Amino acid sequence: MKVLVIAPHPDDEVLGAGGAIAKWASQGWEVHIHVLTEGSSSQYPGQPEIVMRKREEARRAAAVLGAKGLSFADFPDMQLDRIPHVDLNRAI
């Protein structure tokens with residue numbers, strides 16, 4: 001079995017579906033996580049080191065949960081409502 005977990009921000013995959021991800025992975029499912037935003041530009045503008053830290057934290061969390069893959073779409077944080085649906089669909 002394969003599953004794709006889509007999260008709007010880094011850490012939402014853990015808070016929203018962490019238990020399910022760990023369960024599926026432990027049962028041999030191939031779990032991939034796709035994070036739609038970079039997770040910090042609205043709260044911490046001009047601080048790219050925070051984006052990098054959040055990515056690393058997401059990578060470590062994905063590994064602990066047993067996910068096979070983790071990717072980022074890098075849309076602006078807290079602005080998904082401004083992204084055309086066709087662009088969101090393409091990213092997914």
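Keep in mind that what you see is a predicted model, and the values were worked out from it rather than measured.
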Is it true that I33 and V3 fall in one hydrophobic cluster, defined by side-chain heavy atoms closer than 4.5 Å?
yes
F75 side, atom CZ; L88 side, atom CG - distance, nearest 0.5 Å
5.0 Å
Residue pair A25 / G66: nearest heavy atoms and the distance that separates them
CB-O, 3.4 Å
CD (Q47) and CE (M52) are apart, to the nearest 0.5 Å, by 14.5 Å
Give a yes or no answer on whether the side chain of K54 reaches the backbone of G39 with a donor-acceptor pair at less than 3.5 Å.
yes
Hey, any chance V86 and I6 share a hydrophobic cluster, counting ILVMFWY side chains that come within less than 4.5 Å of each other, even indirectly?
no
N/O donor-acceptor pair under 3.5 Å between T37 side chain and P8 backbone:
yes
What about V51 and F72, same hydrophobic cluster or not, with Ile/Leu/Val/Met/Phe/Trp/Tyr joined at side-chain heavy-atom distances under 4.5 Å?
no
Evaluate the side-chain proximity of D77 to H9: yes if any heavy-atom separation is below 4.5 Å, no if none is.
yes
Atom of L65, atom of G18 and distance for their closest heavy-atom approach:
CD2-O, 3.5 Å
Are L80 and V35 co-members of a hydrophobic cluster defined by side-chain heavy atoms under 4.5 Å apart?
no
Does some side-chain heavy atom of L4 sit less than 4.5 Å from a side-chain heavy atom of H34?
yes
Please report the interatomic distance NZ(K68) to CD(E30), rounded to the nearest 0.5 Å.
7.0 Å
Path from I21 to W29 over hydrophobic side-chain contacts below 4.5 Å
yes
Would you call R53-E57 a salt bridge at under 4.0 Å N-O?
yes
Walk me through it: do I92 and L36 pass the test side-chain contact (heavy atoms from CB on, under 4.5 Å)?
CA-CA 8 Å; I92 293 169; L36 294 177; 4.0 Å; yes
Kindly say whether D11 contributes a backbone atom to a donor-acceptor pair with the side chain of E13 at under 3.5 angstrom?
yes
